[in-house]
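Contents: one structure, followed by commentary.
Ligands are counted one by one from 1 in listed order, and the atoms in each one are counted from 1 as well. The figures that follow rest on heavy atoms only: side chains count, while hydrogens, waters and symmetry mates do not.
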Amino acid sequence: MSTSKREPRVVIVGAGMSGIAMGVAMKRAGFENFVILEKGSDVGGTWYWNHYPGLSCDVPSQLYQYSFHLKPDWERVFATQDEILAYHREVVDRFGLKDHLRLDTEVTQAQWSGEEWSVEANGQTKRADFVVMATGVLHHPNVPDIPGLEDFEGTTLHSARWDDEVGFAGKRVAVIGTGSTGVQIVSAMQPVAEQVTLFTRSPQWVLWGPTEMRQPELVSALLRRVPLLNRLVFESLLKASWLFTDVVTRPSWRRRLLQAFARRRMDSIRDEDLRARLTPAYEPLCKRQVVSGPFLRAIQEPNVEVVTEAIDHVGANGVVTADAKAREFDLIALATGFEAHNYMRPMNLVGRDGLTIEEAWRDGPRAYRMMAIPGFPNLFSILGPNSPVGSLPLHHAAELSASYIVRWLERFARGEIRSVEVTEEASDEFNAQAAKALGPTVWNTGCNSWYQRADGTIDLWPFNRATMKRMLGEPDDTHFHLGITAR
Ligand code: NAP
């Protein structure tokens with residue numbers, strides 16, 4: 001039995017890396033009936049929202065790109081925020097996504113009627129056969145609950161909502177937080193600010209990497225001239241990325257070697273007291289690994305102080321630590337990370353039989369293979385729960401997810417299905433597999449990190465790339481309730 005053939009109406013929420021991957025996948029499959037709703041004023045997602053001083057990617061540029069649009073001439077081996085943002089804008093232009101894009105459009109509600117989705121944004125309702133949530137992982141700034149923070153009379157900025165008009169040259173700056181962000185901010189500010197004080201609650205291992213190295217002109221020219229070579233470099237790097245997945249997911253001599261390298265790196269801190277205070281008590285790679293060329297040098301410059309004493313409160317002029325020491329500042333930079341498990345919220349998402357996402361995720365976000373949630377028919381997420389933020393190239397994961405979704409859209413267009421909803425059993429089975437595979441990962445070796453959900457379980461992809469390709473290859477019909485009712 002089949003229903004009538006027609007192109008599905010699709011709403012994609014978010015024009016970051018995942019939403020763009022989805023839009024391109026639809027275009028390439030010949031689908032035109034879709035919109036991409038984006039609450040920001042530009043595309044780029046995290047690369048649009050984040051523009052703090054020193055922001056660059058700590059994944060090599062040649063890997064941090066789509067397979068369908070390989071850029072040969074990255075300026076830096078680890079690209080800066082503005083270059084990555086420009087790259088994503090270029091993809092949007094090149095693949096004709098502009099006409100599908102609605103910027104400054106925030107989705108506040110999406111509801112399944114039993115037959116279709118009603119998506120509300122900017123006071124208007126859009127009806128769709130499918131909704132693709134491409135809303136990102138690290139989006140909601142985590143503003144720390146430090147007493148008196150609002151009393152500070154200087155400027156306070158969170159890294160993820162930076163104000164480029166606020167300079168830091170010649171200023172006394174407090175940086176709170178020592179994750180990838182805090183490390184980049186300190187490294188960028190140290191040469192220009194009068195004084196940088198880094199407040200570190202838990203120290204981080206810092207792996208050295210050539211994070212400031214330019215891509216040689218000759219390499220760019222060669223890759224531009226010989227597209228085949230450009231493709232070969234990309235494919236080789238993608239293949240080589242197994243090594244990174246391997247060290248984080250399975251104990252081995254390779255993991256121990258990299259950890260020894262991270263430990264050894266601490267020797268570059270000359271002052272014994274500082275080295276002792278900055279040496280973590282947990283294993284390297286357990287938290288999201290920080291990679292930086294300049295950081296350990298920057299913190300040893302005379303205008304930088306690293307404070308490991310706990311912050312007691314913030315006053316009108318600065319920060320007071322638990323030992324009652326007060327330090328004055330002009331600017332406080334909050335590099336305190338994100339509410340990482342807030343996928344899709346605060347949107348009001350209502351699935352089958354009035355089930356809300358809050359009810360479905362009472363015990364924390366769970367999905368089938370990152371993408372499908374029981375109770376939410378014809379809704380898929382890209383880089384949702386268990387996405388491989390700590391272990392695999394994200395553009396690659398987004399592309400695989402997008403083509404998986406397109407397979408369902410094609411079946412809809414052929415009239416084979418009208419609705420698809422993952423079963424509780426398939427979702428439970430995937431989550432049990434993931435929980436088992438997370439056991440031997442390095443993320444589970446006794447540190448606190450944003451990888452952990454409220455109940456302490458880890459929200460990451462613990463499998464290798466081959467498993468991801470298999471899981472996001474041909475959909476398995478036995479894992480879904482398929483509806484074939486004609487509308
Ligand atoms: P993060 O890794 O979550 O680090 C937040 C920091 O703030 C931690 O040092 C944390 O200390 C500290 N902190 C939080 N609340 C605090 C409080 N109340 N008082 C004192 N300190 C507090 O956040 P992030 O550095 O923004 O990085 C988040 C993720 O974004 C990264 O892991 C990475 O995935 C991504 N990122 C990527 C790049 C890139 O180059 N690709 C760059 C930046 C960020 P504790 O450790 O004690 O909690």
For this session: Check whether any heavy atom of Ile311 sits under 4.0 Å from an atom of ligand 1.
Result: no
For this session: Pick out which of Thr181, Val183, Val186 makes a side-chain contact (heavy atoms from CB on, under 4.5 Å) with Val175.
Result: Val186
For this session: State if Val389 counts as touching ligand 1 under the rule of any non-hydrogen atom under 4.0 Å.
Result: no
Exercise. Please walk me through it: do Gln215 and Asp73 pass side-chain hydrogen bond (donor to acceptor under 3.5 Å, both in side chains)?
Worked result: CA-CA 8 Å; Gln215 177 167 306; Asp73 46 7; over 6 Å; no
Exercise. Applying the ring-ring contact (aromatic ring centres under 6.0 Å, His included) test to Tyr64, which of Trp74, Trp47, Phe78 qualifies?
Worked result: Trp47
Problem set entry | Pair Trp461 and Phe463, ring centroids less than 6.0 Å apart | yes
Problem set entry | From CD (Glu399) to CD1 (Ile20), nearest 0.5 Å | 12.0 Å
For this session: Could you tell me the residue and atom name of the protein heavy atom closest to atom 23 (O) of ligand 1, and the distance to it rounded to 0.1 Å?
Result: Gly337 CA, 3.2 Å
For this session: Check whether the side chains of Asp459 and His341 place a donor and an acceptor atom closer than 3.5 Å, and report yes or no.
Result: yes
Problem set entry | Closest protein heavy atom to atom 37 (C) of ligand 1, given as residue, atom name and distance to 0.1 Å | Arg288 NH2, 4.0 Å
Problem set entry | Closest protein heavy atom to atom 20 (C) of ligand 1, given as residue, atom name and distance to 0.1 Å | Ile176 CG2, 3.8 Å
For this session: Would you mind finding which of Tyr64, Tyr52, Trp450 brings a heavy atom closest to atom 32 (O) of ligand 1?
Result: Trp450
Exercise. With a 4.0 Å cut-off on heavy atoms, does Thr178 reach ligand 1?
Worked result: yes
Exercise. What part of Ala335, side chain from CB on, backbone N/CA/C/O, both or neither, has a heavy atom under 4.0 Å from ligand 1?
Worked result: backbone
Problem set entry | atom 47 (O) of ligand 1 [closest protein heavy-atom partner, distance rounded to 0.1 Å] | Ser202 OG, 2.3 Å
Give every donor-acceptor pair under 3.5 Å between a side-chain atom in residues 322-340 and any protein atom, sequence neighbours left out.
residue: Asp323; atom: OD1; partner: Thr321; partner atom: OG1; Å: 2.6
residue: Asp323; atom: OD1; partner: Lys325; partner atom: N; Å: 3.3
residue: Arg327; atom: NE; partner: Glu305; partner atom: OE1; Å: 3.0
residue: Arg327; atom: NE; partner: Glu305; partner atom: OE2; Å: 3.3
residue: Arg327; atom: NH2; partner: Glu305; partner atom: OE2; Å: 2.9
residue: Asp330; atom: OD1; partner: Arg172; partner atom: NH2; Å: 2.8
residue: Asp330; atom: OD2; partner: Arg172; partner atom: N; Å: 2.7
residue: Asp330; atom: OD2; partner: Arg172; partner atom: NE; Å: 3.3
residue: Thr336; atom: OG1; partner: Asn142; partner atom: O; Å: 2.7

Seminar exercise, completed: Check: of Arg201, His158, Gln184, min heavy-atom distance to atom 21 (N) of ligand 1 comes from Arg201
For this session: Under 4.0 Å from a heavy atom of Leu138: give me the atoms of ligand 1 that qualify, with their elements.
Result: 29 (C), 30 (O), 34 (O), 35 (C)
Exercise. Looking at the rings of Tyr87 and His69, which for Trp means the six-membered one, are their centres under 6.0 Å apart?
Worked result: yes
Exercise. With backbone taken as N, CA, C and O and side chain as the heavy atoms from C-beta onward, which portion of Phe338 lies under 4.0 Å from ligand 1: side chain, backbone, both, or neither?
Worked result: side chain
Seminar exercise, completed: Closest to atom 36 (N) of ligand 1 among protein heavy atoms sits Ser180 CB, 4.0 Å
Exercise. Does the gap between the ring centers of His395 and Phe68 come in under 6.0 Å?
Worked result: no
Problem set entry | For Gly177, the ligand 1 atoms whose distance to one of its heavy atoms is below 4.0 Å | 6 (C), 7 (O), 9 (O), 12 (C)
For this session: Indicate, as side chain, backbone, both or neither, the part of Thr200 found under 4.0 angstrom from ligand 1 when only non-hydrogen atoms are considered.
Result: neither
Exercise. Any N/O of Gln204 closer than 3.5 Å to an N/O of ligand 1?
Worked result: no
Side-chain donor-acceptor distances from residues 203-211 under 3.5 Å, at least two apart:
residue: Gln204; atom: NE2; partner: Thr178; partner atom: O; Å: 3.4
residue: Trp205; atom: NE1; partner: Tyr282; partner atom: O; Å: 2.8
residue: Thr211; atom: OG1; partner: Gly293; partner atom: N; Å: 2.8

Seminar exercise, completed: Under 4.0 Å from one or more heavy atoms of Ser56, ligand 1 contributes atoms 39 (C), 40 (O)
For this session: Give the numbers and elements of all ligand 1 atoms closer than 4.0 Å to a heavy atom of Asn448.
Result: 48 (O)
For this session: May I ask you to identify, for Thr181, whether its side chain, its backbone, both or neither come under 4.0 Å of ligand 1 on a heavy-atom basis?
Result: both
Exercise. Going by distance alone, is a donor N or O of one side chain under 3.5 Å from an acceptor N or O of the other, for Asn444 and Thr441?
Worked result: no
Seminar exercise, completed: Note: ligand 1 atoms sitting under 4.0 Å from heavy atoms of Lys287 are 45 (P), 46 (O)
For this session: May I ask whether Tyr451 has any heavy atom positioned less than 4.0 angstrom from an atom of ligand 1?
Result: no
For this session: Taking the side chain as every heavy atom from C-beta outward, state whether Trp162 and Asn50 have any pair of such atoms under 4.5 Å apart.
Result: no
Problem set entry | Pairwise distance NE2(His140) to CZ(Arg161) - rounded to 0.5 angstrom | 8.5 Å
Seminar exercise, completed: Under 4.0 Å from one or more heavy atoms of Pro144, ligand 1 contributes atoms 17 (C), 18 (N)
Exercise. Going by the atom numbers of ligand 1, which of them fall below 4.0 Å from some non-hydrogen atom of Asp58?
Worked result: 39 (C), 40 (O), 41 (N)
For this session: In plain terms, say whether Asp42 and Lys98 are close enough for a salt bridge, that is, a side-chain N and a carboxylate O under 4.0 Å apart.
Result: no
For this session: Mark the output for Ser449 as yes if a heavy-atom distance to ligand 1 is under 4.0 Å, and as no if none is.
Result: no
